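First up is the structure itself, then whatever we jot down about it.
Given the structure is predicted, the values throughout are model-derived calculations rather than measurements. The analysis underlying the following values was restricted to heavy atoms, covering all of them including side chains, and did not include hydrogens, waters or symmetry mates.
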Amino acid sequence: MSENTTHFGYETVAESQKAQKVAEVFHSVAQKYDVMNDLMSAGLHRLWKIFAIEQSGVRAGHKVLDIAGGTGDLSLAFLKRVGKSGQVWLTDINSSMLTVGRDRMIDKGFLNPVAQCDAEKLPFPNDYFDCVTVAFGLRNMTHKDAALAEMHRVLKPGGRLLVLEFSKVWKPLAPAYDLYSFKLLPKMGELVAGDASSYQYLAESIRMHPGQEELAGMMRGVGFEKVDYFNLSAGVVALHKGFKL
């Protein structure tokens, strides 16, 4: 029987190959990830993350799961909010990204738990976390519905999920955004990170990711309620929020 296929950017690959291909991208870019984020977004990614944190409702004593947390921007912010009575787990499927994030936490004086894990098979009990976040990681997952279902499972009743991700830009801006994404972005990746192809994949993966309404529907489909989203920077990015009730 032929194996199921999925997309890796615009390329069609076997489902079993996607995780490895995505891993190669992030092993390649891990050391320059933060620098490239600042360059690509002109620093706006920091404002997008601040907005997500403000929407999280996280406070002292809460348990937070940061999925695909990479270099730890959100985890660091949440650690300051939950205090000594709370808990923040930094997780990522990619060991290179997770190592950068872990070292950054230690350098900032935090010894929070870190785990390398697959978002589609989270190693956490049911009804455990007050808040689950995934920032710029969902689009790289092979089975997004399975990952969202796992996020729902590990949330406590009353807990919330925040998905910060590239989305569908306002149509009048699409031509300029396409020019930037497919012409300038790979050149920046080559100059700064020595890797044009990974940033070509980034541009393609954004186009293949579900749009605002489709993702909201996927969240509702696995059980999230009161689902809403906020368009940021004219829809370049969207923050989706949903609750487990």
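Under the 30°/60° scheme for interplanar angles, the aromatic rings of F136 and F166 are found to be tilted. Taking the six-membered ring for Trp and thresholds of 30 and 60 degrees, F124 and F129 have ring planes more than 60 degrees apart, a perpendicular arrangement.
In plain terms, the two heavy atoms of V134 and A68 that are nearest each other are CG2-CB, 4.2 Å. Of all the heavy atoms in C131 and L162, the pair that sits closest is SG-CD1, 4.4 Å. Annotation for P210 and K168: closest pair C-CE, 4.4 Å, computed over non-hydrogen atoms. The two residues V88 and S75 make their nearest non-hydrogen contact at CG1-OG, 3.8 Å. Minimum heavy-atom separation, S96 to H27: OG-ND1, 2.5 Å. The two residues N37 and H45 come nearest to each other via the heavy atoms O-CD2, 3.5 Å.
Using a 3.5 Å distance cut-off with no hydrogens or angles, the side chains of H143 and E15 do pair a donor with an acceptor. Using modelled atom types and a 3.5 Å distance limit, the side chains of D195 and Y201 yield no donor-acceptor pair. There is no side-chain donor-acceptor pair under 3.5 Å between S95 and Q116. With hydrogens and angles left out, the side-chain atoms of E165 and Y229 include no donor and acceptor closer than 3.5 Å.
In this structure a side-chain-to-backbone donor-acceptor pair under 3.5 Å is missing from K121 to D118. Counting only distance, with no hydrogens or angles, the side chain of Y180 and the backbone of M40 share a donor-acceptor pair below 3.5 Å. Between the side chain of R139 and the main chain of S205, no donor-acceptor pair closer than 3.5 Å is present.
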Quick one, F224 with M218, criterion side chain to side chain contact (heavy atoms under 4.5 Å, CB included). Give me CA distance, side-chain angles, the key distance, then yes/no.
CA-CA 9 Å; F224 284 100; M218 290 174 70; over 6 Å; no

Derivation of the side chain to side chain contact (heavy atoms under 4.5 Å, CB included) call for L79 and M105:
CA-CA 10 Å; L79 281 163; M105 303 285 136; 3.7 Å; yes

Any chance you could lay out the salt bridge (charged side-chain N to carboxylate O under 4.0 Å, His left out) test for E11 and K18, step after step, and finish with the verdict?
CA-CA 10 Å; E11 184 183 353; K18 180 168 179 176; over 6 Å; no

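V13 has its side chain within reach of T6: a pair of non-hydrogen atoms, C-beta onward, lies under 4.5 Å apart. No side-chain heavy atom of I206 sits under 4.5 Å from any side-chain heavy atom of S181. In this structure, the side chains of I106 and R102 come closer than 4.5 Å at one or more pairs of heavy atoms. In this structure, the side chains of L215 and L138 come closer than 4.5 Å at one or more pairs of heavy atoms.
Between R153 and E150 a salt bridge is recorded (basic side-chain N to carboxylate O distance below 4.0 Å). Electrostatic pairing of D73 and R104 counts as a salt bridge here, judged by a charged N lying under 4.0 Å from a carboxylate O.
A single hydrophobic cluster is seen to contain both W48 and W170, as judged by linkage of ILVMFWY side chains at heavy-atom distances under 4.5 Å, directly or through other members. If you chain together hydrophobic residues whose side chains sit under 4.5 Å apart, Y33 and L47 fall into the same group.
Exactly one of R59, R160, K244, K156 qualifies for a salt bridge (charged side-chain N to carboxylate O under 4.0 Å, His left out) with D130. That residue is K156.
Taken from CE in M141 to CG in L148, the straight-line distance is 8.0 Å, to the nearest 0.5 Å. Expressed to the nearest 0.5 Å, how far CE of M219 lies from CZ of F243 amounts to 9.5 Å. Here the straight-line distance linking atom CG of N112 with atom CD of Q87 works out to 9.0 Å at 0.5 Å rounding. Separation of atoms CD (E214) and NZ (K144) is listed at 9.0 Å; rounding is to 0.5 Å.
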